[in-house]
Amino acid sequence: MAEYEVCILGLRLAIDINVQELLVIGDSNLLVHQVLGEWATKNTKILLYLHYVQELIKRFTKIEFKHVPRIQNKFADSLATLSSMIQQLDKNFIDPIPIGIQKQPTYCAHVEEEIDGNPWFHDIKKYLEKGEYLETATHT
């Protein structure tokens, strides 16, 4: 259902901005083949999505669906999963999700060792153990 929801959102967006020809690339083999009419479904929940997608398709002069294996499309799969988990009050609008691309892998953004030779969490650990601030703690 998550893949159908994302597909529907994309189709509605394309319709809203008056796209006439569209290539839909999806990693859900099931969705692509069902939309193309090559595979059938008996699941009533999926049928509602399928019928709605088929109605939206009629609004394009040309539309093509292409399957891309999920292994080659991890980013889109993550967005589809995220989209299905977000509850929006206004069904016609979804808050944008800011996505940043890091210049280096996260393991390169390590915390430098403190001058005293203890790890960065040493003072926090001592506070949790004793329940009181260390003498060297500051107010800032």
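We're numbering straight along the sequence, starting at 1. Keep in mind that what you see is a predicted model, and the values were worked out from it rather than measured. Just so it is clear, the values below take in all heavy atoms, side chains as well, and ignore hydrogens, waters and symmetry mates.
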Side chains of F65 and I25 in contact at under 4.5 Å (non-hydrogen atoms): no

V19 with V35, same ILVMFWY side-chain cluster at under 4.5 Å: yes

Listed partners of E5 passing side chain to side chain donor-acceptor pair (under 3.5 Å), at least two apart: Y49

Those residues that, when tested against Y127, pass ring-ring contact (aromatic ring centres under 6.0 Å, His included) (two or more places apart): Y133

Nearest atoms (heavy-atom pairs only) where R59 meets I15: NH2-CG2, 3.4 Å

Nearest heavy atoms of Q54 and Q34, plus distance in Å: NE2-O, 4.2 Å

Pairwise distance CD1(I57) to SG(C7) - rounded to 0.5 angstrom: 7.0 Å

Contacts of K58 that satisfy salt bridge (charged side-chain N to carboxylate O under 4.0 Å, His left out) - sequence neighbours left out: E55

From E64 atom CD to L23 atom CG, the distance as rounded to the nearest 0.5 Å: 5.5 Å

Heavy-atom check, side chain of L48 versus side chain of Y4, under 4.5 Å: no

Joint cluster assignment, V6 & L47, ILVMFWY side-chain distance < 4.5 Å: no

Sub-4.5 Å side-chain heavy-atom contact between V32 and W39: no

Single-linkage hydrophobic cluster M1~V53, side-chain heavy atoms < 4.5 angstrom: yes

Side chain S28, main chain E3, donor-acceptor under 3.5 Å: no

Nearest-0.5 Å distance, CZ of residue R12 to CD1 of residue I8: 8.5 Å

Residues L22, K62; criterion side-chain contact (heavy atoms from CB on, under 4.5 Å); working and verdict: CA-CA 6 Å; L22 184 65; K62 180 180 178 185; over 6 Å; no

Linked, directly or transitively: L50 and L30 (ILVMFWY side chains, under 4.5 Å): no

Heavy-atom check, side chain of L11 versus side chain of V24, under 4.5 Å: yes

E21 vs T61, side-chain contact (heavy atoms from CB on, under 4.5 Å): CA-CA, chis, key distance, verdict: CA-CA 6 Å; E21 296 183 7; T61 56; 3.8 Å; yes

